[in-house]
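Read the structure below first, then the notes.
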Amino acid sequence: MPELEIMGNPHSNYVWVCRIACTEKGVPYTLVPVLPNSPEIAAIHPFRKIPAMRHGAVTLCESRAICAYIDRAFPGPALMPEDPVAHARVEQWISLVNTSIDPVCMRQYLVSYVFPRTPDRSPDRAAIEAALPGMERQIAVLAAAVAPTGHLVGAAFTLADAFLVPILHYLAQMPESGAMLAKAPGLLAYLERHRARPSLAETLPPPMRRR
Ligand SMILES: N[C@@H](CCC(=O)N[C@@H](CS)C(=O)NCC(=O)O)C(=O)O
């Protein structure tokens with residue numbers, strides 16, 4: 001079997017999801033720590049984003065597609081439920097995380113702290129403030145979603161949790177989102193419990209530098 005390479009910066013929540021998928025599945029991989037827009041990424045992702053994946057002649061981009069490949073190409077515990085309703089609900093939550101939660105919580109809020117586009121590179125307060133009302137609503141939705149079972153879907157860890165927990169990990173470290181999470185103890189407990197899972201604990205990104 002050729003070596004599987006996950007390409008991207010370990011701080012990326014989406015790179016982390018792919019590493020969680022490999023670890024859950026027991027698939028050995030090498031993390032190639034390349035940045036968005038690097039030649040290696042540009043050769044695979046049409047919009048030059050991370051993660052990308054190489055496995056012999058197979059190259060892929062987009063975290064959901066990479067996780068699907070890891071799940072289907074290798075033996076090991078299935079990452080997706082067999083039951084059609086549960087399967088669809090996992091896809092539903094992955095889509096909600098990717099199309100609603102990540103754009104507000106990561107691209108708008110967190111990036112305004114970590115990669116601000118302000119002239120002096122200080123946190124972009126206007127963008128941060130603008131993200132807060134939406135983030136508050138999203139945290140309430142997520143708290144309600146995990147309340148019944150401690151998982152997004154059913155009573156076991158799924159790929160839906162693998163997509164969400166990395167985002168909550170970063171939100172817990174930032175002032176406004178940390179305060180929001182502190183007021184949602186069930187969601188915070190969900191984060192702590194899943195972050196202690198071997199596939200997350202073993203792939204935890206290095207601490208993030210904040211401006
Ligand atoms: N839909 C993509 C999103 C990937 C993404 O947004 N990656 C970020 C890092 S977490 C990135 O490459 N950002 C740099 C850029 O947009 O130029 C996926 O699921 O893989």
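Residues take their numbers from the sequence shown, with the count starting at 1. Just follow the structure's listing: the first ligand is 1, and inside any ligand the first atom is 1.
Checked against Thr30 for a side-chain hydrogen bond (donor to acceptor under 3.5 Å, both in side chains), the options Arg54, Glu3, Glu5 give a single hit: Glu3.
Numbered from 1 in the order shown, with element, the atoms of ligand 1 that lie under 4.0 Å from a heavy atom of Pro36 read 12 (O), 14 (C). Atoms of ligand 1 found under 4.0 Å from any heavy atom of Ser12 (numbered from 1 in listed order, with element): 9 (C), 10 (S). Of all the atoms in ligand 1, the ones that sit under 4.0 Å from a non-hydrogen atom of Pro51 are 20 (O). Numbered from 1 in the order shown, with element, the atoms of ligand 1 that lie under 4.0 Å from a heavy atom of Asn13 read 10 (S).
Closest to atom 15 (C) of ligand 1 among all protein heavy atoms lies Lys49 CG, 4.1 Å. The nearest heavy-atom contact from the protein to atom 1 (N) of ligand 1 is Glu62 OE1, 2.7 Å. The closest protein non-hydrogen atom to atom 17 (O) of ligand 1 is Asn37 ND2, 4.2 Å.
Note that Arg19 lies outside the cation-pi zone of Tyr29, set by a 6.0 Å cut-off to the ring centre and a 45° limit from the axis.
Distance check: Ile66 CD1 to Met53 CE gives 6.5 Å after rounding to the nearest 0.5 Å. Atom CG of residue Asn13 and atom CG of residue Leu110 lie 8.5 Å apart, to the nearest 0.5 angstrom. Residue Glu91 holds its CD atom at 4.0 Å from CE of Met80, rounded to the nearest 0.5 Å.
Residue contact annotation: Arg107 has a non-hydrogen atom under 4.0 Å from ligand 1.
Contact between His11 and Pro205 at its shortest, heavy atoms only, is CA-CB, 4.1 Å.
The closest heavy-atom contact to atom 18 (C) of ligand 1, among the options Cys61, Ser63, Cys67, comes from Ser63. Atom 5 (C) of ligand 1 has its nearest heavy-atom neighbour, among Ile66, Leu110, Ile50, in Ile50.
Between the Thr149 side chain and the Gly154 main chain, a donor and an acceptor come within less than 3.5 Å of each other.
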